[in-house]
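Accompanying notes for the structure given below.
Computed from a prediction, not measured in an experiment: that's the story for all the values here. The chains referred to below are lettered A, B, ... by the order of the sequence lines, with proteins before strands, and numbering in each begins at 1.
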There are 2 protein chains.
Amino acid sequence: MVSEPGPGTRVTIIDIARDAGVSKSTVSLVLKNSPLVKGETRERVLEAMAKLGYVYNRGAANLRTASSRLVGMVISDLLNPFFAELAVGLEEAFYRAGFVPILANTAEDAIRQTDVLRSIHEHGVAGLIISPAIGTDPATIRDAVGPRLPVVSTMRRLEGCDLPYVGPDNRSGARAAVAHLIALGHRRIAFVGGFPTMTTTRERLDGWRDALVAAGLPHSDALVFPTMPTRAAGAVIADAVLAGPDAPTAALCYNDIVAIGLIRALAERGSDVGASFGVIGFDDIAEARHNAPPLTTVSAETRHLGAIAADVLMKLILGEANPPHNVIGQTRLIVRDSCGAPFRLDSRRKTA
Amino acid sequence: MVSEPGPGTRVTIIDIARDAGVSKSTVSLVLKNSPLVKGETRERVLEAMAKLGYVYNRGAANLRTASSRLVGMVISDLLNPFFAELAVGLEEAFYRAGFVPILANTAEDAIRQTDVLRSIHEHGVAGLIISPAIGTDPATIRDAVGPRLPVVSTMRRLEGCDLPYVGPDNRSGARAAVAHLIALGHRRIAFVGGFPTMTTTRERLDGWRDALVAAGLPHSDALVFPTMPTRAAGAVIADAVLAGPDAPTAALCYNDIVAIGLIRALAERGSDVGASFGVIGFDDIAEARHNAPPLTTVSAETRHLGAIAADVLMKLILGEANPPHNVIGQTRLIVRDSCGAPFRLDSRRKTA
DNA sequence: CTATTTCTATGGAACGTTCCAATAAATAGG
DNA sequence: CCTATTTATTGGAACGTTCCATAGAAATAG
């Protein structure tokens, strides 16, 4: 009651000092849990803080120490469950380590990305993680945040750019998926979704081609169907996939949401996905296992990869020696019911 | 080149002043776009800033002005697409208005929630939005952030608590959904998912009961199947829903992911959802329309509601007169293919 | 009993802004 | 030419911390 602060006035370290009958330096020491202050004194200070409702002002501390616990998290499309899961993995790791993330969802808009990067930088983050928007010019990132800020890129590799990168092994994941389709008897296997301008698409396409080449199967451009990585785009492309005399009997999709959109549209067109037609996705988002049919997919261990990316950034921030520059996470094929098996067609009736 | 800063040294307003041959006050004026500074001077200052790579230090400014552009965004479960969409709506509105959100995903953990609230507060946010974790004691929120910080709660109403609230009209949404099922001929309609301890569940249950009572249909506790709001829980409860001689022919689910989990499990048990069995969800998440069968659901206009919640918070922060204290968004029934129509059963064969 | 060491505690400068009061320069009015 | 007014610019204090250099007290050593 003695030194109750006026309304609207922040309680500061000085108020605490006055109340506890010590100097502000001592209060600061208590805050840092320094062994230099006597137990009894610490008690008194702690009591005063509780009594006056003190809240630590990290902004002021940052100003003095030039070291912040804020980090940036720039996500290209939070509406895609894959990136939501990435964000959760990042957030969790940051939370554990006492870092606090600022969130920006760029919605695949490179302009907005530049904008938020600058804004995040102004807020004095210690570093940031970015899953770059489609069409990002790597130079714009350094332009926006300056040459010294720790930045790690994730999930989408940027070309001609020295940023540390954390992402899944797209090529071998795609290769395993296509090999599985081949083993089931598929001979014409499409690649659906993504744009070849995206490095992730190219890596997955490479894996797709690897497997086809190894099996001596066709891999012409006619089997590649680029689209935006969305459910709607996956649905729209269905007609094109089904068209023509040499239509594929299976498809590896750029990611799970494209696969799910495609499956839905194929079903509407009478295709029996899981039997006459095989579809494999990529990412293993939560809804993959609850899809009808449950979606075979390549797990990128998204959450774990997010945690790794966060760790790399924090190593960079804390100046640890030899932080990893390039982490490629293993992938795992998760076989469920959507891959189909065309050689069984004879013992079934083909749906018109 | 003249006054190039040393490595590791931040470029400050003072460096700019020196380079441009003006005082730091003038530079500050330029920063604020004040009309007090002559065009020619402004030019010189701007040039110096570009040349030296100046970046505004919001932290320092906050310290002086005690007004920050940071806000907190505390989300109960970002892995649920519904909350991801909420987060996107919030982020978008904040971005537009020049606020920068800190993200915390509490993962329905009330302890962690208290923890992050305190941490967010320490970072000097101007206010925060919270979708409270299941089991939140309202008092813990004010305890963590003090009595003065603007806070708005969203999507889950807290009882015995004066926080402003923004959320959908759960009761009338549920009522409309159940009325639709009744019109299709269903007579035994279950409510699946959520816990009656959650206000949202209770509101939706009320709507369910309203419609059943109005039609003179049963609404006993035997028709209510509480679960966690997850896909997995929706799947697990399927057996219980189907059990007994008086099993329901339709269900209104707590939300879409419960509905999707339930549908999948029902399908595995031979139930023909959309024909012999009707399911309606709540939220209209993106995957609802791509589900098999496409899910009938109650749209909460999540993104828009998020934007509204952000607006309310910003009004509070800026001290606008009479900010709304309670915003209830309208809901809309989106009819797709999952609701079934049992009176058509005679003209079809029931799947065992 | 003095000199040294160990424990605790402290004052003050610094971090990068903003903003007020003050000033200098330019223009206008008489 | 002097005063009043407007237009541009400025120094310095303040915001809430941290941290360094220093100091007083208590304990130990010689």
- Task: Mark yes or no for whether A:Thr136, through its side chain, and A:Pro138, through its backbone, hold a donor-acceptor pair below 3.5 Å.
- Result: no

- Query: Side chain of B:Asn105, backbone of A:Val88: donor and acceptor closer than 3.5 Å?
  - Reply: no

- Query: Any donor-acceptor pair under 3.5 Å between the side chain of A:Ser25 and the base of C:dG11?
  - Reply: yes

- Assert: residue with more 5' nearest nucleotide on DNA chain D, out of B:Lys24 and A:Lys32, is B:Lys24

- Task: State whether A:Thr26 places a side-chain N or O below 4.0 Å from either non-bridging phosphate oxygen (OP1 or OP2) of C:dA9.
- Result: no

- Task: With heavy atoms under 4.0 Å as the rule, sort A:Thr12 into base, sugar-phosphate or nothing.
- Result: sugar-phosphate

- Query: With sugar-phosphate meaning primed atoms plus P, OP1 and OP2, does A:Val27 contact a base, only sugar-phosphate, or nothing at under 4.0 Å between heavy atoms?
  - Reply: nothing

- Whole angstrom value for the distance that separates P of D:dG16 from CZ of B:Arg58: 20 Å

- Within this structure, what is the CD-to-P distance between A:Glu43 and C:dA9, rounded to whole angstrom? 13 Å

- Query: Looking for any heavy atom pair under 4.0 Å, which part of the strands does A:Val45 touch: base, sugar-phosphate only, or nothing?
  - Reply: nothing

- Can you tell me the distance, in whole Å, between the CG atom of A:Asn33 and the P atom of D:dT18? 12 Å

- Between B:Thr26 and B:Ser23, is a side chain to side chain donor-acceptor pair (under 3.5 Å) present by the stated rule, with each step listed? CA-CA 5 Å; B:Thr26 305; B:Ser23 77; 3.3 Å; yes

- Message: Just the rounded figure in Å: distance from C1' of C:dG16 to CG of A:Leu63.
- Response: 5 Å

- Whole angstrom value for the distance that separates P of C:dG16 from CG of B:Leu52: 14 Å

- Atom-to-atom span, CZ of B:Arg69 to P of C:dT17 - whole angstrom: 18 Å

- Task: Could you check how far CD of A:Glu40 sits from C1' of C:dT8, rounded to whole Å?
- Result: 12 Å

- Message: By nearest heavy atom, map A:Gly21 and B:Leu29 onto DNA chain C; which one lands nearer the 5' end?
- Response: A:Gly21

- Query: Are A:Asp115 and B:Tyr95 linked by a side-chain donor-acceptor pair shorter than 3.5 Å?
  - Reply: yes

- Task: Between D:dC15, D:dG16, D:dT9, spot the one nearest the side chain of B:Arg64, thanks.
- Result: D:dC15

- When you measure from the side chain of B:Ile14, which nucleotide among D:dT18, D:dT17, C:dT17 comes out closest? C:dT17

- Query: Going by distance alone, is a donor N or O of one side chain under 3.5 Å from an acceptor N or O of the other, for A:Thr106 and A:Ser76?
  - Reply: no

- Could you state the CD1-P distance from A:Ile13 to C:dA14, rounded to the nearest angstrom? 19 Å

- Note: for B:Val22 and A:Thr65 on DNA chain D, the residue whose nearest nucleotide lies more 5' is B:Val22

